[in-house]
Amino acid sequence: MLKNITLSAEDILIKKARNKANNENTTLNELFRRWIKNYIGSLTISHDYDKFMDKVNYVKSGKKFTREEMNER
């Protein structure tokens with residue numbers, strides 16, 4: 001379900017943004033929807049990473065590896 005919100009910006013910025021969006025065959029609403037998904041997505045990725053690291057925190061290498069050891073194949 002879509003929900004309306006109100007945003008404020010200077011009139012000239014809104015006009016320029018609308019023109020740019022129009023040139024890109026999109027709308028300010030669509031651009032905002034993409035932006036908010038990306039914004040929330042970055043939080044989700046960070047949270048998922050933290051959860052994963054918590055799950056595998058039992059893994060210990062036992063020592064600090066040298067650059068050469070880390071690059072061995």
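All of these numbers come straight from a predicted model, not from anything done at the bench.
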Find the distance between OG (S8) and CD1 (I14) and round it off to the nearest 0.5 Å.
7.5 Å
Indicate if I36 and L7 have the same hydrophobic cluster label, given that clusters are the connected sets of ILVMFWY residues with side-chain heavy-atom separations under 4.5 angstrom.
yes
May I ask you to decide if T66's main-chain N or O and E69's side chain share a donor-acceptor pair within less than 3.5 Å?
yes
Are F32 and Y39 co-members of a hydrophobic cluster defined by side-chain heavy atoms under 4.5 Å apart?
yes
Flag yes if I40 and I5 sit in one hydrophobic cluster, no otherwise; membership is Ile, Leu, Val, Met, Phe, Trp, Tyr, and two members link when side-chain heavy atoms are under 4.5 Å apart.
yes
If we ignore hydrogens and angles and just use 3.5 Å, is the side chain of N71 paired with the main-chain N or O of R67 as donor and acceptor?
yes
Nearest-0.5 Å distance that lies between atom CD in E30 and atom CD in E24
11.5 Å
Can you measure from CG (L28) to CG (N22) and round to the nearest 0.5 angstrom?
10.0 Å
Electrostatic pair E10-K15, nearest N-O below 4.0 angstrom
no
One should read off an interatomic distance between R33 CZ and L2 CG, to the nearest 0.5 angstrom, of 5.5 Å
Determine the minimum heavy-atom distance between A21 and T27, stating which atoms define it.
CB-C, 4.0 Å
Quick one: are K20 and L31 in side-chain contact, heavy atoms under 4.5 Å?
no
If you count every heavy atom of other residues, nucleotides or ligands that lies below 6.0 Å from R18 atom CZ, does the total exceed 12?
no
